[in-house]
Amino acid sequence: MDWQSDSNDIEITFAPTLEQWYSVHKRDLPWRHTLDPYYIWLSEIILQQTRVAQGKPYYERFVDAYPTISDMANADERKLLRLWQGLGYYSRARNLHQTARYVTEKLDGKFPNTYHDLLKMKGIGAYTAAAVASFAFGERVPVVDGNVYRVLARVFGITEDITTTTAKKTFAALATRLMQAAVDPATYNQAIMEFGAIHCTPVAPDCLLCPVQQQCVAYLTGRQHQLPVKSKKAPVRERFFSYVVFQQGGRLALQERVARDIWQNLYDFYLVETDEPKTALRDIPLSESVSSLVNRGTLVEAPVEAMQLLSHQRIRAYFFLVDLPETETGSLPIGLQWYSLAEISILPKPVLITNYLAKQFA
DNA sequence: AAAACGGGGTG
DNA sequence: CACCCAGTTTT
């Protein structure tokens with residue numbers, strides 16, 4: 001009989017057990033039919049902080065629009081952002097384009113094939129480098145994403161706050177040990193994430209049918225719902241946007257957002273942000289040039305109010321539609337340009353703007 | 001170490 | 001409404 005405790009056995013059996021579970025339960029997803037690092041990388045960028053169900057249609061559209069990394073490298077960035085529209089975290093799209101160009105132009109189209117080199121690419125951090133390195137090249141490096149934090153915290157009873165640096169090291173070290181026992185690195189990485197995504201879920205883990213039930217500290221001590229420990233994030237910031245929508249004929253004045261703020265490189269209207277909601281145009285501080293332009297036009301009815309919830313901001317927006325007569329030929333404030341509705345339809349825009357356009361100009 | 005960065009699904 | 005999603009970059 002073994003005189004040692006069984007507590008170490010789980011570190012040996014964990015990976016193979018999940019690999020076996022995965023062989024039975026894995027979902028059929030489009031990026032699981034390829035070993036091409038370009039497609040795998042694309043899928044991983046899309047899936048950052050994004051659910052599979054939300055990302056899948058975007059993946060299909062991107063593969064269709066840019067079948068090769070060279071196609072993506074040669075893409076018009078505005079068009080790429082338009083394709084990304086609605087997915088959020090738009091720096092992902094800009095970094096996607098930058099890395100596609102870098103690989104195509106500087107690396108002769110050959111995608112970096114090690115964890116170490118992948119990490120150097122814009123938009124690729126520890127998670128994505130491990131994912132691409134293992135899925136496309138079979139490198140034995142563990143992925144540590146939100147699913148992995150949850151599964152490991154529960155099975156191994158780790159009570160450290162997963163938002164802290166020390167906890168990240170704890171989980172990474174454990175993940176590296178567990179990877180050593182994996183039969184196949186790619187399969188094990190897919191397996192632990194899939195297990196977290198569809199079985200060991202945040203609110204209602206299916207403990208009764210769990211393949212590691214008898215080794216799971218959380219289950220054995222009834223703490224499934226206390227793990228992982230994650231400190232609360234700061235309350236969302238409230239913001240008040242007043243948009244002045246200049247209209248002339250069938251055209252609207254839009255601008256590209258260039259500030260270091262949300263929606264960088266997307267298009268919206270002339271914007272004034274205030275500390276309080278402003279429901280009347282005359283209460284909004286406008287520059288002299290904009291004010292005089294407003295005075296030469298006519299305000300079209302009451303402002304349209306809209307609310308946009310982001311994970312970190314709550315934006316209340318008021319849209320003031322100002323109609324300018326055709327006789328008015330003065331120039332627009334700096335940054336603004338006239339666009340027809342057809343042109344606007346192909347510009348990348350925040351959901352807030354897209355929703356307004358649909359409501360007002362359907 | 002903490003904040004910033006989207007939008008949508010889920011219970 | 002609160003939580004969280006195949007995280008990364010900037011401050």
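Here is how names work: the chains are called A, B, and so on, in the same order as the sequence lines, proteins then strands, and each is numbered from 1.
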Do [X] and [Y] make the cut of ring centroids closer than 6.0 angstrom?
{"X": "A:W263", "Y": "A:Y90", "answer": "no"}
{"X": "A:Y58", "Y": "A:W84", "answer": "no"}
{"X": "A:F319", "Y": "A:F241", "answer": "no"}

Residues from [range] sitting under 4.0 Å of DNA chain C, heavy atoms only?
{"range": "residues 165-178 of chain A", "answer": "none"}
{"range": "residues 131-155 of chain A", "answer": "A:D145, A:G146, A:N147, A:R150"}
{"range": "residues 94-105 of chain A", "answer": "none"}
{"range": "residues 17-24 of chain A", "answer": "none"}

Discussion item. Please compare A:M121 and A:G196 by the position of their nearest nucleotide in DNA chain C and report the one closer to 5'.
Written reply: A:G196
Fill in: Any A:Q49 side-chain nitrogen or oxygen under 4.0 Å from OP1 or OP2 of B:dG7
no
Worksheet entry | Where chain A begins and ends its contact with DNA chain C, read 5' to 3' at 4.0 Å from heavy atoms | C:dC3 to C:dT11
Using a cut-off of 4.0 Å on non-hydrogen atoms, how would the nucleic acid contact of [X] be classed: base, sugar-phosphate, or nothing?
{"X": "A:Q190", "answer": "base"}
{"X": "A:T128", "answer": "sugar-phosphate"}
{"X": "A:G88", "answer": "base"}
{"X": "A:R260", "answer": "sugar-phosphate"}
{"X": "A:I46", "answer": "nothing"}

What donor-acceptor contacts under 3.5 angstrom involve side-chain atoms of residues 187-198 of chain A, with partners at least two apart or in another chain?
from: A:T187; atom 1: OG1; to: A:D184; atom 2: OD2; distance (Å): 2.7
from: A:N189; atom 1: OD1; to: A:V143; atom 2: N; distance (Å): 3.1
from: A:N189; atom 1: ND2; to: A:S134; atom 2: OG; distance (Å): 3.0
from: A:N189; atom 1: ND2; to: A:V141; atom 2: O; distance (Å): 2.8
from: A:Q190; atom 1: OE1; to: A:R32; atom 2: NE; distance (Å): 3.2
from: A:Q190; atom 1: OE1; to: A:R32; atom 2: NH2; distance (Å): 3.4
from: A:E194; atom 1: OE1; to: A:R27; atom 2: NE; distance (Å): 3.3
from: A:E194; atom 1: OE1; to: A:R27; atom 2: NH2; distance (Å): 2.7
from: A:E194; atom 1: OE1; to: A:R32; atom 2: NH2; distance (Å): 3.0
from: A:E194; atom 1: OE2; to: A:R27; atom 2: N; distance (Å): 2.9
from: A:E194; atom 1: OE2; to: A:R27; atom 2: NE; distance (Å): 2.9
from: A:E194; atom 1: OE2; to: A:R32; atom 2: NH1; distance (Å): 3.2

Pair [X] + [Y]: basic N to acidic O under 4.0 Å:
{"X": "A:D76", "Y": "A:R78", "answer": "no"}
{"X": "A:K349", "Y": "A:D268", "answer": "no"}
{"X": "A:D64", "Y": "A:R61", "answer": "no"}

Practice prompt. Identify, with sequence neighbours excluded, every residue that meets side chain to side chain donor-acceptor pair (under 3.5 Å) alongside A:E77.
Written response: A:H97
Discussion item. Taking only the P atom of each, what is the distance from C:dT11 to B:dG6 in whole angstrom?
Written reply: 14 Å
Worksheet item: For A:T163 and A:Q48, take the nucleotide of DNA chain B holding the closest heavy atom to each; which residue's nucleotide lies nearer the 5' end?
Response: A:T163
Response to the item:
salt bridge (charged side-chain N to carboxylate O under 4.0 Å, His left out) pairs touching residues 297-312 of chain A, sequence neighbours excluded, are A:E305-A:R316
Discussion item. Test your reading of the model: is there a side-chain donor-acceptor pair from A:K56 to the backbone of A:P30, 3.5 Å cut-off?
Written reply: no
Under-3.5 Å N/O pairs linking protein and nucleotides 8-11 of chain B:
from: B:dG8; atom 1: N2; to: A:R51; atom 2: NE; distance (Å): 3.3

Worksheet item: In residues 26-40 of chain A, what residues come within less than 4.0 Å of DNA chain B, judged by heavy atoms?
Response: none
Let me have the donor-acceptor pairs involving side chains of residues 206-214 of chain A, under 3.5 Å, with sequence neighbours excluded, atom names and distances please.
from: A:Q213; atom 1: NE2; to: A:C207; atom 2: O; distance (Å): 3.0

Fill in: Other cluster members, A:V351 - Ile/Leu/Val/Met/Phe/Trp/Tyr, side-chain contacts below 4.5 Å
none
